[in-house]
Amino acid sequence: MGLIKKLPVYTEKMPGGGIVMTSLEAALHNAQAKSLWYLLFGTACCAIELMCTGASRYDFDRLGMIFRATPRQADLIIAAGTITKKMAPRLRLLYDQMAEPRYVIAMGGCTIKGGPFYYDSYSVEKGIDHIIPVDVYIPGCPPRPESLLEGCITLQEKIKKQSLLDWQEKD
Amino acid sequence: MDKDQLSAYLTDKSEGKLTLLEVGRHDPIFKVEASQLIEVCTWLRDDEQLKFDFLCNLSGVDTGEQFEVVYQLASTSKSLRVDIKVILPYDGAEIESVQKVWAAANWHEREMWELYGINVKNHGKLEFLLLPEDWDEGFPMRKDWDAPDFIRMPEF
Amino acid sequence: MSDLRTEEYYLNMGPHHPSTHGVCRMVLKMDGEKVKEIEPHIGYLHRSIEKICENRTYAQCIPILDRFEYVTAMSCNYVFALAAERLASIEVPERAEHIRVIMLELNRIASHLLFYGVTAMDIGALTPFLYGLRERESILDLFEMTCGQRLTYNYIRVGGVSRDLPNGFIPKCHEALNTIEKKLADYEGLLNENPIWLVRTVGIGVLPAKVALDYGVSGPCLRASGVQYDLRRNDPYSIYDRFEFDIPVRHNGDCYDRYLLRLDEIRQSIHIVRQALDALPEGDFKAKVSPNFKPPAGEVYARIENSRGELGVHVISDGTKKPLRVKTRGASYNHIAVLPAFATDVLLADLVAIFATMDVIMPEVDR
Amino acid sequence: MQGGIGNMGIFKDIKALFSGMRITSKHLGRHAITLQYPEEKWEMPERSRGVVVLLSDKEDGSLNCTSCMLCMRACPTAAIVIDSPRDPETKKRNLKKFEIDFGLCCFCGLCEEACNFSAIKLATKYEFSSADKDSFLWDVNKLQEVGRDVDYIDTRKKKKVAPKKETTPAETKSPEKKPVDQKGENS
């Protein structure tokens, strides 16, 4: 990572460095967006739809997304399902264990604002953005597999638009 | 045995320990004193005609004035169902554990203890089950419970 | 091997573990590879559904209870509707009862197909996952065309069902059932005699019938231990007494039997759905029930047999439009509670197999 | 152990493994059932419950909603918020605010069932993911905009009986009073 971090700063100074940077950026981001490995973090109903997305009809692998059981190998955490107050510290822990650059997809109403458990619930965290920064929200209860795929495509577009310099600032 | 026969049998044979509250929409409901709970439960499980060997459910109830503990029992061999209800006062609610009769009661009692604050005697392991370990906001299922971040649904 | 002294240690499994189907945490006391003691910790998905239901009207409780046991959400809808109907003594039209049976049994098949795929994946076979979920999709399509959702249906209401069956449902349903029946042979061919599968499941995690009853284990797990107890027969609800079907029972109580029993149940469910489709009468699909209906004061415990076992709901009404207490009882609750009683002295890898074949769904436990 | 490698014999094992491979190889020549999502889309059934929209009149394009608040009362998650104070003179309700929070909505369809005027519907659209959390609070314009091209069966004209007391008197059976209805809602 050290090289990639320093590279933009050096190349920008070179004559014609901008062109090199642009193509480098495009290549890097395309590669990054097309191989998002996601952490299997399913808690509730959305986890079943996440499973369906990974299964035969809505093959997740077409988008280059492969599930990982450990956060250390994952780029993306799909928070699928309700996060309760008891679970929230564990979600934070898993997020902290992931390597940069890392992304978060909040799947389902529960992760946006608590969903059906917003009112009258004493144990549900009302939105996971209190715990970890979220890149893309997907509403639905639970969202259809297509919605999830669409959310992932939104995230891929977002990654492609990033600049390498953003990375550097993110830390 | 249908539910009327069952209610008659239970009223007859229990020597006054079980009082019929209601024949019920579907199953009979009996009341038992908290002091006689274990005795009655053991009898219900071991009686040859009843064989209530299956504890379906155990609910704690807060009616606003008192606590109720309802034991839903079933018999797998005789296909019977009965509800046993214990009424407890609001202050100092305490009940004997029925774990020795049905092991299934263990978690239900722990849950009742943490959510309603009904103390369970001789339980052996009264620890938080559903709530976080550092929970200190009281007993959330009680009707009068409130907390700062608890949002009630607006009435329209 | 026994003279090799190893130190006992504690291993934390979960709450985020791929094989726990959600968020169950187990603290294991290990002796080498062997599990000596299990202490399950639950509550990581405790969403206070019971508290929420106390503040909703009867009609509003049903979508909330959908999330209680989402793999068989139809059963959750049904059990609450059944409780409310018993409270208020509502007669349900014939057609509605038939539609309900069709939906409940289709949901049971979908749930068992999910079990088939996920269990196999936990134990290490990936192909069954793809196959099982492929056929499950065809059932979800039927649900989607009937009520509009794939997972949380909100279809069965107090007094009937929310909508009539759509046009073209019956031929499509027959088609899906035929496909599944044909594919069952494939499923069995993949696993039933596979030597790796046999080593991983046969004789592993034997649950004795006495322990099972004591801990309130129900459903396929109980029947795999040799107890013939199915609420569809022993405490009949709806119109199940009109249909002809068998209750499969197996006697070893190990992982393999629990797996085989579920495949048998799929066959029986297909049989029931076919009978119900043939007997489907014309008529109303819903009795007249006001959206703000107030059942008379009283209490009822309704229980049905869903794909995991006894699903019960204890509803107390105080005569207002909101229930005084809703206590839900899921089969998985007892299925986790029983683990410390029988799943000891097994290898850690076998614990995964045991946990998977108990078919635990965590929200049902945590509520 | 009943089965197992020990007493089954190596040939039986190999046979069992091959029978599994035979089943998987049957799929080699078949067409895959996978849906190539962004290019091809699943044909959603008519009853599918996707995003909630407000429907407009097919002829004049005005909102069908009479702000009777039945949907707000039916909603189990209080995702719908309607503010429509009664005009003291005309006794009509003026729709001031109609908001649906998709962070709360559970897509149960109770609002659609509660509505007597074909005004609210769960459409078959499902693609609305966003990076902005606040964008899930849709106001009346957005709801109407998304619902413009949604096809629906208008059940209002069949209704000959007067609606319940929560509803406005504007909603009547005679079509010539329609413009008044529209004015009442747009103001």
Side-chain angles (χ1 to χ4, degrees), chain A residues 45 49 52-63 65 78 82 103-121 124 126-130 133-159 161, chain D residues 23-24 26-27 30-45 47-53 72-81 99-111 122-138 142-143 146:
Chain A
C45 337
E49 287 298 59
C52 287
T53 320
S56 356
R57 188 184 283 172
Y58 308 95
D59 195 2
F60 225 160
D61 297 4
R62 286 185 304 114
L63 301 182
M65 307 188 75
I78 301 183
T82 322
Y103 305 96
V104 178
I105 287 184
M107 184 182 177
C110 297
T111 52
I112 299 172
K113 217 179 157 182
F117 310 104
Y118 181 77
Y119 291 112
D120 295 323
S121 175
V124 172
K126 285 154 181 97
I128 63 164
D129 53 339
H130 307 307
V134 181
D135 291 285
V136 173
Y137 294 93
I138 306 169
C141 195
R144 293 177 59 80
E146 288 104 321
S147 303
L148 179 60
L149 290 171
E150 194 249 350
C152 293
I153 293 168
T154 315
L155 180 69
Q156 288 179 346
E157 295 302 320
K158 191 176 169 180
I159 291 171
K161 278 185 201 129
Chain D
I23 290 165
T24 40
K26 274 197 289 191
H27 291 77
R30 281 189 203 160
H31 183 66
I33 62 152
T34 310
L35 193 77
Q36 305 290 328
Y37 164 66
E39 291 86 29
E40 62 174 313
K41 288 187 181 173
W42 187 250
E43 197 187 317
M44 301 279 278
R47 292 181 181 181
S48 274
R49 303 208 296 254
V51 58
V52 188
V53 294
M72 186 168 87
R73 282 186 199 131
C75 184
T77 61
I80 304 176
V81 176
E99 278 181 351
I100 296 182
D101 191 341
F102 286 103
L104 296 180
C105 180
C106 71
F107 302 88
C108 60
L110 284 179
C111 47
L122 275 79
T124 54
K125 291 176 185 166
Y126 49 85
E127 294 154 311
F128 53 126
S129 69
S130 159
D132 181 14
K133 184 179 171 180
D134 300 327
S135 70
F136 296 121
L137 193 67
W138 287 17
K142 179 102 189 250
L143 289 167
V146 179

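Letters A, B, ... mirror the listed sequences (proteins, then strands); counts begin at 1. Because the structure is predicted, anything quoted here is derived from the model rather than measured.
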Legend entry - Residue part contacting chain A, namely of D/D132, when any heavy atom lies under 4.5 Å: backbone
Legend entry - Residue D/E43 excluded, over 12 heavy atoms near CD under 6.0 Å: no
Inset, instruction - Let me know if A/I138 has heavy atoms under 4.5 Å from chain D in its side chain, its backbone, both or neither. - result: both
Legend entry - Heavy-atom proximity to chain A below 4.5 Å, by part of D/F102: both
Legend entry - chain D contact via A/D129 - which portion, at a heavy-atom distance below 4.5 Å: side chain
Inset, instruction - Heavy atoms only, distances under 4.5 angstrom: which of A/G109, A/G114, A/P139 has the most pairs with chain D? Name it, please. - result: A/P139
Legend entry - Smallest separation among heavy atoms of D/K133 and A/I112, with atom names: CE-O, 3.0 Å
Inset, instruction - Only counting residues at least two apart or in another chain, list the ones meeting side-chain hydrogen bond (donor to acceptor under 3.5 Å, both in side chains) with A/S56. - result: none
Inset, instruction - Please name all residues satisfying ring-ring contact (aromatic ring centres under 6.0 Å, His included) with A/Y119, sequence neighbours left out, ordered by chain then number. - result: none
Inset, instruction - Of all the heavy-atom pairs spanning A/R62 and D/Y37, show the shortest one and how long it is. - result: NH2-N, 3.1 Å
Legend entry - Pairwise distance CD1(D/I33) to CG(A/D59) - rounded to 0.5 angstrom: 10.0 Å
Inset, instruction - Considering only heavy atoms and a distance below 4.5 Å, find which of A/K158, A/E146, A/R144 pairs most often with chain D. - result: A/E146
Legend entry - Atom of A/E150, atom of D/S129 and distance for their closest heavy-atom approach: OE1-OG, 3.0 Å
Inset, instruction - Could you look at D/C106 and say if it's the side chain, the backbone, both or neither that has a heavy atom under 4.5 Å from chain A? - result: both
Legend entry - Close side-chain approach of A/K113 to D/F136, heavy-atom, < 4.5 Å: no
